[in-house]
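Got a structure here, written out as structure tokens. Questions coming.
Remember, predicted model here, so these are calculated numbers, not experimental data.
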Amino acid sequence: RVQLVESGGGSVQAGGSLRLSCAASTDTHDINCMGWFRQAPGREREGVATIYHGVDIPYYADSVKGRFTISQDNPKNTVYLQMNSLKPEDTAMYYCAAGSGPSECRLRPLTPNMYNDWGQGAQVTVSS
């Protein structure tokens, strides 16, 4: 299984920026997609931004388009999420995920259950 280690996150005021990083290790040769999802208290986990592994084709939730940018460093098997113009409604636990093997993440890239492996989560808190 793919191991995912997240870093970054924290607290920021509205309008500020944060950057999340996620490094993948073990069985990385079989990854099809990587991405970021978030879950706020009392809400379902939702897709934020995902990217095809090895190919720079990104997908974004409408709520973050123009503010968030996903990128990847393929040799390092690392994916990043640059978050600008943050809003209080962006407050959530952010999870890195990888879809591997028979995963259909490339058909439904922002759907959480298309992903096999998950990181431990990084808290992002935006105050008004």
Side-chain angles (χ1 to χ4, degrees):
R1 297 193 56 177
V2 178
Q3 302 293 321
L4 300 168
V5 178
E6 298 139 338
S7 59
S11 298
V12 66
Q13 289 190 328
S17 298
L18 287 171
R19 188 191 197 209
L20 300 176
S21 300
C22 174
S25 60
T26 69
D27 295 329
T28 58
H29 62 278
D30 211 21
I31 296 175
N32 295 318
C33 319
M34 291 185 70
W36 295 94
F37 296 77
R38 66 187 180 187
Q39 188 167 17
R43 302 189 65 176
E44 292 187 354
R45 191 169 296 190
E46 62 175 356
V48 176
T50 63
I51 192 165
Y52 287 1
H53 188 58
V55 181
D56 286 334
I57 300 177
Y59 292 86
Y60 296 97
D62 289 342
S63 59
V64 305
K65 284 180 181 176
R67 300 188 297 122
F68 291 11
T69 302
I70 189 169
S71 61
Q72 61 186 339
D73 183 333
N74 293 315
K76 295 182 179 179
N77 289 307
T78 300
V79 64
Y80 306 95
L81 185 66
Q82 178 65 43
M83 303 181 290
N84 298 329
S85 302
L86 281 161
K87 304 175 181 180
E89 51 263 44
D90 294 318
T91 296
M93 186 70 79
Y94 283 70
Y95 296 92
C96 177
S100 306
S103 163
E104 297 184 337
C105 59
R106 292 196 176 192
L107 298 178
R108 298 167 64 186
L110 290 174
T111 301
N113 62 12
M114 294 292 105
Y115 291 75
N116 314 93
D117 297 294
W118 295 83
Q120 78 283 2
Q123 179 66 40
V124 171
T125 302
V126 185
S127 58
S128 57

| field | Inter-residue atom distance Y52.OH - R106.CZ, 0.5 Å rounding | value |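 Reported to 0.5 Å precision, the distance equals 6.5 Å.
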| message | Check D62 with K65, please: is the shortest side-chain N to carboxylate O separation under 4.0 Å? | response |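 Salt bridge between K65 and D62, a charged N being under 4.0 Å from a carboxylate O: yes.
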| query | Taking side chain as C-beta onward, heavy atoms only, is L20 less than 4.5 Å from W36? | reply |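 They are in contact (side-chain heavy atoms under 4.5 Å apart), so the answer is yes.
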| query | Can you tell me how far SG of C33 sits from CD1 of I57, rounded to the nearest 0.5 angstrom? | reply |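 Between I57 CD1 and C33 SG, I get 10.0 Å after rounding to 0.5 Å.
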| task | Heavy atoms only: give me the nearest G10-L18 pair and the separation to one decimal. | result |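 Nearest heavy atoms, G10 then L18: O-CD1, 3.8 Å.
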| query | Is F68 reachable from F37 through a run of hydrophobic residues whose side-chain heavy atoms are each under 4.5 Å from the next? | reply |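 No; F68 is not reachable from F37 via cluster members.
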| message | Applying side-chain hydrogen bond (donor to acceptor under 3.5 Å, both in side chains) as the test, list every pair that has at least one member in residues 7-16; sequence neighbours left out. | response |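 Listed once each, the pairs would be none.
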| field | Value rounded to 0.5 Å, distance of OG in S21 from CD in Q82 | value |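 Reported to 0.5 Å precision, the distance equals 9.5 Å.
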| message | Are the side chains of N77 and H53 in contact, using a 4.5 Å heavy-atom criterion? | response |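 Answer yes - side chains close enough.
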| query | Any side-chain heavy atom of Y95 sitting closer than 4.5 Å to one from M93? | reply |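 A side-chain contact under 4.5 Å exists here.
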| message | With heavy-atom distances below 4.5 Å as the criterion, would you say the side chains of I70 and Y60 are in contact? | response |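 Yes - at least one pair of side-chain heavy atoms lies under 4.5 Å apart.
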| Over 12 non-hydrogen atoms of neighbours within 6.0 angstrom of CD in Q120 |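 More than 12 heavy atoms, drawn from other residues, nucleotides or ligands, come within 6.0 Å of this atom.
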| Can any side-chain N or O of E6 pair as donor or acceptor with the backbone N or O of G121 at less than 3.5 Å? |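 The answer is yes, because a donor-acceptor pair under 3.5 Å joins these two groups.
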| message | Ignoring hydrogens, what is the shortest heavy-atom contact between S100 and N32? Give both atom names and the distance. | response |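 That would be C-ND2, 3.8 Å.
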| query | With a distance cut-off below 6.0 Å to the six-membered ring centre and an angular limit of 45° from the axis, does R19 pair with Y80 as a cation-pi contact? | reply |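 Yes, R19 sits over the ring of Y80.
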| field | Same apolar cluster (I L V M F W Y, side chains within < 4.5 Å links), W118/Y94 | value |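 No, no single cluster joins them.
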| query | Do D90 and M83 come within less than 4.5 Å of each other through their side chains, counting heavy atoms only? | reply |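 Contact flag for D90/M83 side chains = no.
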| message | Side chains of S63 and R38, heavy atoms from C-beta outward: is any pair under 4.5 Å? | response |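 Touching, per the 4.5 Å side-chain cut-off.
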| Would you call V2 and N116 a side-chain contact if the rule is heavy atoms closer than 4.5 Å? |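 Side chain of V2 against side chain of N116, heavy atoms only: no contact under 4.5 Å found.
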| Which heavy-atom pair separates A49 from L81 by the least distance, and what is that distance? |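 Answer, listing the atom of A49 first, then L81: CB-CD1, 3.9 Å.
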| task | Go through the steps for C96 and V79 under the test side chain to side chain contact (heavy atoms under 4.5 Å, CB included), then give the verdict. | result | CA-CA 9 Å; C96 177; V79 64; 4.1 Å; yes
| query | Do side-chain atoms of T28 reach the backbone of S25 as a donor and acceptor pair under 3.5 angstrom? | reply |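 Side chain of T28 to backbone of S25: no pair is present.
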| said: On a heavy-atom basis, which atom in P88 and which in A14 lie closest, and how many Å separate them? | reply: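 Heavy-atom minimum between the residues: CD-CB, 4.1 Å.
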| Under the 3.5 angstrom rule, does the side chain of T91 hit a backbone N or O of E89 as a donor-acceptor pair? |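 Not at all, since once roles are kept as given, no pair shorter than 3.5 Å links the two residues.
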| message | Between E104 and R108 (side chain of the first, backbone of the second, donor and acceptor by atom type, cut-off under 3.5 Å), is there such a pair? | response |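 No, E104 side chain to R108 backbone: no donor-acceptor pair under 3.5 Å.
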| Are the side chains of M34 and T50 in touch, meaning some heavy atoms are under 4.5 Å apart? |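 They are not in contact (no side-chain heavy atoms under 4.5 Å apart), so the answer is no.
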| Rounded to the nearest 0.5 Å, how far does OG of S127 lie from CG of L86? |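 Rounded to the nearest 0.5 Å, the CG-OG separation comes to 10.5 Å.
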| request: Determine whether the side chains of N84 and S17 contain a donor N or O and an acceptor N or O closer than 3.5 Å. | output: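 Side-chain D/A pair, N84 to S17: present.
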| field | Distance-minimising heavy-atom pair for L4 and A24 | value |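 What the structure gives for the nearest pair is CD2-CB, 3.6 Å.
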| query | What heavy-atom pair brings C105 and Y115 nearest, and what distance separates the two atoms? | reply |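 What the structure gives for the nearest pair is CB-CZ, 3.7 Å.
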